[in-house]
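Whatever order the structure lists ligands and atoms in, that order sets their numbers, starting from 1.
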Amino acid sequence: MSVETQKETLGFQTEVKQLLQLMIHSLYSNKEIFLRELISNASDAADKLRFEGLSKPDLFEGDAELKIRISFDKDAKTITLEDNGIGMSREDAITHLGTIAKSGTADFLKSLSGDQKKDSHLIGQFGVGFYSAFIVADKVDVFSRRAGLPAAEGVHWASRGEGEFEVATIDKPERGTRVVLHLKSGEDEFADGWRLRNIVKKYSDHIALPIELPKQNFGDDQDNPTAVEWETVNRASALWTRPRSEVKDNEYQEFYKHVAHDFEDPLSWSHNKVEGKLEYTSLLYVPSHAPFDLYHRDAPKGLKLYVQRVFIMDQADEFLPLYLRFIKGVVDSNDLSLNVSREILQKDPVIDSMKSALTKRVLDMLEKLAKQEPEQYKGFWKAFGQVLKEGPAEDFANRERIAGLLRFASTRDDSGDQGVALADYVERMQEGQDKIYYLTGESHTQVKSSPHLEIFRKKGIEVLLLTDRIDEWLMGYLTDFDGKPFVDVARGDLDLGKLDTEEERQAQDEVAKAKEGLIERLKAVLGEQVAEVRVSHRLTDSPAVLAIGEQDLGLQMRQILEASGQKVPDSKPIFEINPVHPLILKLDSETDEDRFSDLSRILFDQAALAAGDGLKDPADYVQRLNRLLVELSA
Ligand code: ADP
């Protein structure tokens, strides 16, 4: 061992300490994944060196055969992983192996329940990477030197995973990283050639660079390293370059876990080789669950970009629109130059056509999933539906296809599950119905009993119930589906078209005429509070309802704007009354103007409450109501 200088002991970031604690206690049932994680890191390190080596060939230091070597020592109970990738400087080791840079980590860790079973699932979503070494090891040594740094600037990082780590500067002639795991007692089963070989085959066969283990017959005599003969145990070719028919499902799945840093299998994937004017291969995956930081602005998104098999960058987000940011995978281009940069990607017209082709691939894949695996699609929708809803606004050209992938709750099913596809809705439309009806609101409970639905219930017409925060905004971009316009049932002057008979129309007109006097009296009382008062044909059971003006913002949009500190344009509701409701009849015959005023205002406030809108003056409402109650009980 070489001399260690500048030794110091440092504390892990709080989040790392928490993660280590949780991980050691919750990932015990699948211990062997530590090897997959460390191999994945070594492979990334090789990718990075290859990329940096494009412009700085000196970094290869005369050794361009990148590989990973795994050895073990049964007596010392150690496993050693060595790579000749990019390596780490002292600073790199301190930051990369001492902190977690992902935003939202602290919140994520807080959300863990302490229930080991549940948490092991959640930690899987988070991705543990390097720290998984501590599942099997009670001490981990990392010896590393960054490519290009002098031999004297190597680093030795060591930790028992308990809150602190040590770093020292060492001499390390060979570039790259060597990780030595000192196995916990009881974990010595891993210091075994067959076991390691099996784990590598199982999880890391797809890794593109050779993973070498000591040849079995020499395997146990590792005291004398010259006696070791190395043998490649994985397939060692980039998985996406192989023909689809030759790649097994479990290989696709393991590759996904490497690319996406995910613990769980993907829902679906699409592997395509494009030849012709543009040449590229893509392998795109739909994850089975949302990452913990899906809604963080700086959460990783985009594909891994390769150019002619050479890794170029992670998170190349120019190849897919934002609303598909949950898609993971690889794109390998033959047309781009090896020194392509983000700036070039943003301007290159080749990227635009790749982007639109890849977008179509993803939409194809989702359509197929929805059709062939509706149960799985439900899971997809739960995880990513909200993100997909951004689609129609961002991607006008594909909005009909995106609309087809959306799922809604509707009056057909009381549970509030978002399971109705627009195509199903259209298929169930009534004779004479030429519009798709929807209602937006705060919550399912609120909308499902909204007075606006009464006439639709009566006529047996299905209405979509939209209660996600972005739904009203979304509907601003969806004007029609399958040639049928969307109509907000709470908006404007509801026209049911052919769904109303001629007699019904005539009756409505007559009633409206008959109530003109009442309408005028109501206008006088409600005055500035309303844009209009009119007779409703929306209602069967409720006395009154508030409708939104055709061009006005609905409640959700007003709330979004208010929350973002913007000034919300003033708009007044339309007050509609049910001319046959006993309360309205009573109101019509009320001659005492004070009581008329109290009752009118109470009806107006009730309609506002039913709309999910708060009352401007709740105390006033209560006083009026109590006055009436006292009169009633007198
Ligand atoms: P992730 O791989 O998800 O970023 P890890 O905890 O596995 O997280 O690793 C943290 C960082 O440590 C890596 O991003 C990388 O910068 C560095 N690292 C880990 N292993 C190696 C290695 N073998 N060679 C070079 N750098 C490494």
Side-chain angles (χ1 to χ4, degrees), residues 10 12-13 15-20 22-24 27 33-53 59 66-70 79-105 108-109 123-135 137 140-149 153-159 161 165 167 172 174-181 203-204 207 209 211-212 256-263 291-293 298-302 304 311 313-315 328:
L10 295 164
F12 282 119
Q13 180 196 27
E15 284 90 324
V16 175
K17 272 188 245 174
Q18 284 172 302
L19 181 68
L20 279 168
L22 284 160
M23 202 181 49
I24 293 163
L27 290 183
I33 54 100
F34 76 90
L35 196 63
R36 168 183 87 192
E37 299 296 307
L38 297 178
I39 290 174
S40 184
N41 281 347
S43 160
D44 288 345
D47 271 349
K48 283 179 201 158
L49 175 64
R50 240 186 232 121
F51 172 65
E52 287 192 26
L59 291 182
L66 304 188
K67 58 177 175 285
I68 300 170
R69 278 186 167 169
I70 304 173
I79 297 177
T80 301
L81 255 103
E82 178 143 29
D83 68 63
N84 55 354
I86 192 75
M88 283 177 275
S89 67
R90 184 184 169 109
E91 281 315 304
D92 290 341
I94 292 172
T95 39
H96 297 327
L97 306 183
T99 58
I100 302 174
K102 297 174 196 162
S103 51
T105 301
F108 167 78
L109 289 168
I123 288 174
Q125 309 188 353
F126 181 83
V128 288
F130 171 77
Y131 300 108
S132 63
F134 289 100
I135 303 173
V140 177
D141 282 306
V142 178
F143 305 90
S144 194
R145 176 171 65 79
R146 200 176 198 293
L149 288 180
E153 290 186 33
V155 59
H156 174 197
W157 179 103
S159 176
F165 59 92
V167 276
K172 190 170 183 295
E174 60 307 334
R175 154 204 88 219
T177 304
R178 181 164 73 250
V179 180
V180 182
L181 308 179
Y203 297 108
S204 308
I207 293 290
L209 69 162
I211 304 171
E212 299 180 349
Y256 164 77
K257 291 175 191 166
H258 166 62
V259 183
H261 295 263
D262 192 355
F263 269 45
F292 78 103
D293 53 1
D298 44 3
K301 53 177 169 286
K304 248 181 140 105
F311 168 76
M313 64 179 84
D314 270 318
Q315 301 177 34
K328 303 284 180 195

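Electrostatic pairing of Lys17 and Glu15 does not count as a salt bridge here, judged by no charged N lying under 4.0 Å from a carboxylate O. The pair Glu212-Lys67 does not count as a salt bridge, with every side-chain nitrogen at least 4.0 angstrom from each carboxylate oxygen.
Of the heavy atoms in Leu38, none comes closer than 4.0 Å to ligand 1.
For ligand 1, none of its N or O atoms has an N or O atom of Ala45 under 3.5 Å away. Annotation: Thr177 places an N or O atom under 3.5 Å from an N or O atom of ligand 1; distance criterion only.
Of the protein's heavy atoms, at least one falls inside 4.0 Å of atom 16 (O) of ligand 1.
Protein heavy atom closest to atom 14 (O) of ligand 1, with residue, atom name and distance, is Lys48 NZ, 4.5 Å. Protein heavy atom closest to atom 26 (N) of ligand 1, with residue, atom name and distance, is Met88 CG, 3.6 Å. With hydrogens left out, the protein atom closest to atom 6 (O) of ligand 1 is Phe130 N, 3.3 Å, a heavy atom. Nearest protein heavy-atom neighbour of atom 10 (C) of ligand 1: His96 O, 3.6 Å. For atom 23 (N) of ligand 1, the closest non-hydrogen atom of the protein is Asp83 OD2, 2.9 Å.
Distances below 4.0 Å separate heavy atoms of Leu97 from the following atoms of ligand 1: 12 (O). Within ligand 1, counting atoms from 1 as listed, the ones closer than 4.0 Å to a heavy atom of His261 are 2 (O), 3 (O). The contact set between ligand 1 and Gly129, taken as ligand atoms under 4.0 Å from a residue heavy atom, comprises 7 (O).
With rounding to the nearest 0.5 angstrom, the CZ atom of Phe263 is 9.5 Å from the NZ atom of Lys257. The distance from atom CZ of Phe51 to atom CG of Leu59, rounded to the nearest 0.5 Å, is 11.5 Å. The structure places CG of Asp44 at 4.0 Å from NZ of Lys304, a figure rounded to the nearest 0.5 Å.
Under the 4.5 Å side-chain criterion, counting only non-hydrogen atoms from C-beta, Val167 is in contact with Arg90.
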Checklist entry - How far apart are the C-alpha atoms of Arg146 and Asp92, what are their side-chain angles, what is the distance that settles it, and do they pass the salt bridge (Lys or Arg N to Asp or Glu O under 4.0 Å) test? => result CA-CA 9 Å; Arg146 200 176 198 293; Asp92 290 341; 3.5 Å; yes
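Looking only at distances, no side-chain donor or acceptor of Tyr256 sits under 3.5 Å from a matching main-chain atom of Lys328.
Smallest separation of non-hydrogen atoms from Pro300 and Asp293: CD-OD2, 3.6 Å.
Considering each of Asn41, Leu81, Val16, the one bringing a non-hydrogen atom nearest atom 9 (O) of ligand 1 is Asn41.
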